[in-house]
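Quick caveat: nothing in here was measured; it's all calculated off a predicted structure. Both ligands and their constituent atoms are indexed starting at 1 by order of listing.
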Amino acid sequence: MRVEDLEPDKFVREKVEEISAVVGTDCAINALSGGVDSSTVTMLGHSALGERLKTYFIENGLMREGEAEQVVSLFADLGVKVEVVDAKKQFFDALSGVTDPEEKREAITQTFYRDVFGKLVRESGAQFLLQGTILTDVDETVAGIKRQHNILTQLGIDTEREFGYKLIEPLVQLRKDGVREVAKTLGLPASVYNRAPFPGPALAARVIGEVTPERVAVVRKATVILEDELRDSGAFQCMAILHEDRVTGMREGKRDYGLQIEVRSWESKDARIATPTRLPYDVLERLSERITTEVPGVVSVTYNITNKPPSTMEVV
Ligand code: XMP
């Protein structure tokens, strides 16, 4: 559905009715990351089901600094209880030794859907998982560009048979701009409906090579700096990426064979095409200065100037 054709009030009414009708007197669960898609689904689900929807924040060890605490507190203010599930070990075990991008995505998908949600569904007795898949996720996966972590039904995967629950995807007709309109209508704050997108595989989408707690910690630290420096840039999304190869650097007069961070900042409407932000040179210099001094081991910072396509926005 094009954003021009969207009537947000009507959309909310219809989706709340649809969710109520499909779930009936059963229960559902959903995972909330705090992004605009999962926040919107959480509010739609709670309007439809109230206490019969249980909302979880999955702490997969791949999220940004302080993310769990921020999401729990924001939704508490909106009257929605969010339970944090510590699944760090499961995700890092699944990612151990995996370097191929599609295998990493598959490991994350299986851990989310089979291990974590499968267990939550069994424990809670829920029959349904509500999730915020949007049209762009479907397009790119079906086109074979990238397996988005949340695409299952559209690839012919029967979640009921494989994982023991049915999926409900109320946002699947919309793109990001449409979801933002719906989020606004649902009374979510601007900090949510204007929030830059963040991928389901989280910081793992920004680690080239093996995803270990130590390597994610490097990206997490660089991300804090980047999001701080680019907060007012108006960019659609920005990201710090850890490369696999090391480069020769120098510190305190000695050779330091260290890490490389690539910075990307994107201008885009709906993530289908994108161009790099024309960041002022002094901003780039500040990023380089801060990342090389504040993130241990980093000796090189680069800025990506390639359009999507041929690039994609995330690196994995
Ligand atoms: P790409 O890298 O495909 O990213 O150009 C386009 C937009 O989608 C986000 N992205 C994802 N979102 N699951 C998600 O929920 C994923 O697996 C995924 N991969 C990329 C990305 O951050 C960007 O906004």
Side chains of E262 and M239 in contact at under 4.5 Å (non-hydrogen atoms): no
Close side-chain approach of T248 and R255, heavy atoms under 4.5 Å: yes
Ion pair K88/D93, N-O distance below 4.0 Å: no
Side-chain H-bond candidate by donor/acceptor type, R64 with T223, under 3.5 Å: no
Any donor-acceptor N or O pair under 3.5 Å, side chains N30, T55: yes
Single-linkage hydrophobic cluster L242~M313, side-chain heavy atoms < 4.5 angstrom: no
Per-ligand residue contacts, ligand 1, heavy-atom threshold under 4.0 Å: R105, E140, K146, Q148, H149, P197, P199, G200, P201, Q237, A271, K308, T312, M313, E314
